[in-house]
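Here the structure is laid out as structure tokens; the discussion comes afterwards.
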Amino acid sequence: MAATTPSGKVLITGGAGFIGSHLVDRLLDSGREVRVLDSVEPQVHGSGAGIRNPGAEYLDGTVLDRDAVDRALDGVESVVHLAAQVGVGQSAYEIYRYVNENCTGTAVLLERLAEVRDRISSLVVASSMSIYGEGRYACDGCGGDDVPVRRSREQLEARDWEPLCAVCGARPRPLPTPETKRIESDSIYATTKRDQEELCLIFGRGFGIRSVALRLFNVYGTRQSLSNPYTGVAAIFASRLLNGSAPTVYEDGLQSRDFVHVSDIARAFELALERDDVGDVALNVGTGNQVTVLDVAHVLARELGVDLEPEIVNKFRQGDIRHCFGDITAIREQLGYEPSVSFDEGMAELTGWLKETAPEAEDRTKAAAGELESRGLIV
Ligand code: UD1
């Protein structure tokens, strides 16, 4: 494999957040110069200034601000675009904010990038597994190996959780989801991530800038925001367990995801920056393993030594999918990526970190569920 190690300065938009801060650390450790442009959203960071490494340069500002973007691009050779509003549920009602900041923000960034295209060698954008909607399913009823599925509202209200094959009505089996699966975004958030991905890849093609979109599966790890009501399930469950409350499990807990540790995500971004022979492509970043929400609750309880069974509330979150876990063949082959943190190791690390931050976490996770319930997003 022809790995190269470019030395130029990297701009990371959204680099003061959960994923970005891990990437900043990693790139600085490899000797890269790093600049961050981050709007330090209060929803994510509370009243703090974000997660900062003194070795990097930080500019406060949003990608919607042309002048801030121009300043951020000064002297830069490659760009990692992480800046985005993140929250499937919230995007259902804050449509303008999500479309504006994720889609228009990307448009502004790309317009300004076009002005300095001669010195830009690569653009890597964070896309999301949420763009698939449901993952891939095979159906023994009609023999399809990638069938469309449906979960109607009536079905969910009858507490019948597994999707049906849209072709023949049988119950299909979930399979690892490859990049070739149909894109069926079913939230405003997912649609904006799809747009970010496509805008960056089309831009890269048009201007001859090597562009890679990474479709992130369910990322967890230290520094995950606990103040954000839309943070991921692992951090929410761990916080509750640490404070003596049972995790609240929606549906029956047998819904599944691909939980990938943030350090593996940071490594994937680094590889995408380094590998100058790979471009114009969207790649899954996960572990390839299917893990249920109940598994998450049980592993965390074990790691924390807490004897608390999860509470299965038999409700559902509006817009949730049932199963999606990644087929990571393409990123293995093209970037030489290999997940290195096992689920058990990663959960142990997450709980170790949360033990230090837990006292303030309890009320926040309660507020998180409360906000969704009050908006009718949990039924
Ligand atoms: C998550 C991200 C999304 C990202 C995607 C891929 C969040 C909120 N969403 O979506 O932005 O694009 O991964 O990386 O991080 N659950 C419970 N109890 C809870 C919370 C959640 O049972 O208290 C269940 C949910 O109903 C769902 C599963 O856990 O079935 C996963 O939920 P979540 O962690 O929010 O992730 P995704 O919705 O998959």
Side-chain angles (χ1 to χ4, degrees), residues 14 17-19 43-44 82 84-92 98 102 126-135 151 156 161-163 174 177 185-194 196-197 213-221 224-226 228-241 245-262 264-265 268 284-287 290-298 300 310-326 350 361 364-373 377-379:
F18 165 44
I19 295 173
Q43 175 171 306
V44 178
L82 303 179
Q85 293 297 327
V86 179
V88 173
Q90 189 177 44
S91 73
Y98 276 75
N102 296 357
S127 181
S128 165
M129 56 69 96
S130 62
I131 72 174
Y132 292 121
E134 283 286 350
R151 278 206 313 171
L156 291 170
W161 306 119
E162 292 294 336
T177 300
S185 307
D186 53 10
S187 69
I188 301 291
Y189 167 74
T191 300
T192 67
K193 292 309 284 183
R194 184 205 63 200
Q196 284 192 317
E197 171 181 315
L214 297 180
R215 294 180 179 166
L216 311 186
F217 279 71
N218 291 61
V219 189
Y220 71 93
Q224 202 156 0
S225 168
L226 296 176
N228 186 350
Y230 301 95
T231 203
V233 65
I236 292 175
F237 281 4
S239 304
R240 286 186 67 82
L241 284 164
S245 317
T248 303
V249 170
Y250 303 126
E251 304 183 20
D252 58 0
L254 298 179
Q255 65 270 42
S256 64
R257 298 289 189 276
D258 183 342
F259 291 92
V260 53
H261 191 261
V262 66
D264 285 325
I265 293 289
N284 287 340
V285 196
T287 64
Q290 180 182 20
V291 174
T292 69
V293 167
L294 269 184
D295 289 336
V296 175
H298 286 135
L300 288 170
E311 187 191 353
I312 300 174
V313 290
N314 227 22
K315 294 180 178 176
F316 63 94
R317 249 181 18 179
Q318 196 62 34
D320 265 352
I321 55 143
R322 181 69 177 171
H323 302 290
C324 190
F325 54 103
L350 176 68
R364 289 172 172 180
T365 67
K366 272 191 189 148
E371 178 165 339
L372 291 170
E373 298 236 20
L377 294 171
I378 296 175
V379 186

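Residues take their numbers from the sequence shown, with the count starting at 1. Just follow the structure's listing: the first ligand is 1, and inside any ligand the first atom is 1.
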[atom] - nearest protein heavy atom and its distance:
atom	value
atom 13 (O) of ligand 1	N218 ND2, 3.2 Å
atom 12 (O) of ligand 1	S128 OG, 2.6 Å
atom 26 (O) of ligand 1	D320 OD2, 2.5 Å
atom 3 (C) of ligand 1	Y189 CE2, 4.0 Å
atom 9 (N) of ligand 1	Y230 O, 4.4 Å
atom 39 (O) of ligand 1	R257 NE, 2.7 Å

key: Approximate separation, where rounding is to 0.5 Å, of I321 CD1 and T177 OG1   = 8.0 Å
remark   = Distance col, row S128:OG vs L214:CG, nearest 0.5 angstrom, shows 11.5 Å
request  = For side chain to side chain contact (heavy atoms under 4.5 Å, CB included), just list the numbers for W161 and N314, CA-CA rounded to whole Å, side-chain angles, deciding distance to a tenth of an Å, and then say yes or no.
outcome  = CA-CA 10 Å; W161 306 119; N314 227 22; 3.7 Å; yes
I'd like to check which ligand 1 atoms, numbered from 1 as shown, lie under 4.0 Å from a non-hydrogen atom of [X].
X	value
G232	15 (O), 34 (O)
I236	23 (O)
V86	11 (O)
V249	22 (O)

Identified side-chain contact (heavy atoms from CB on, under 4.5 Å) partner of V379 from the options K315, Q318, R317 = Q318
query = What residue among I19, D258, D264 forms side-chain contact (heavy atoms from CB on, under 4.5 Å) with V219?
reply = I19
ask   = Can you name the nearest heavy-atom pair linking R257 to N218, along with the distance?
value = CD-OD1, 3.6 Å
ask   = So which heavy atom on L82 is nearest to which on A126, and how close?
value = CD2-CB, 3.6 Å
message = Using a strict threshold of under 4.0 Å (side-chain N to carboxylate O), is an ion pair present between E162 and R322?
response = yes
inquiry  = Any salt bridge linking E311 with R240? Criterion: basic side-chain nitrogen under 4.0 Å from a carboxylate oxygen.
reply    = no
ask   = What do you reckon, does E251 have a nitrogen or oxygen under 3.5 Å from a nitrogen or oxygen of ligand 1?
value = no
ask   = Does any N/O atom on V219 come nearer than 3.5 Å to any N/O atom on ligand 1?
value = no
Tell me which one of [options] gets a heavy atom nearest to [atom].
atom	options	answer
atom 33 (P) of ligand 1	R317, M129, Q255	R317
atom 23 (O) of ligand 1	T248, I312, V285	T248
atom 29 (O) of ligand 1	L294, I378, V293, L254	V293
atom 14 (O) of ligand 1	Y220, F237, F217, Y250	F217

message = Within the 3.5 Å criterion, strictly below it, is a donor on Q255 or Y250 matched to an acceptor on the partner's side chain?
response = no
request  = Find out whether I131 and E197 are in side-chain contact, i.e. whether some heavy atom of one side chain is under 4.5 Å from a heavy atom of the other.
outcome  = yes
request  = Verify the contact flag for atom 17 (C) of ligand 1, where contact means a protein heavy atom under 4.0 Å away.
outcome  = yes
ask   = Which part of K193 is near ligand 1, with near meaning a heavy atom under 4.0 Å away: side chain, backbone, both or neither?
value = neither
task = For ligand 1, indicate whether the residue V233 contacts it via side chain, backbone, both or neither (heavy-atom separation under 4.0 Å).
result = both
request  = May I ask whether F316 has any heavy atom positioned less than 4.0 angstrom from an atom of ligand 1?
outcome  = no
query = Any idea how F217 and Y132 line up, ring-wise: parallel (<30°), tilted (30 to 60°), or perpendicular (>60°)?
reply = tilted
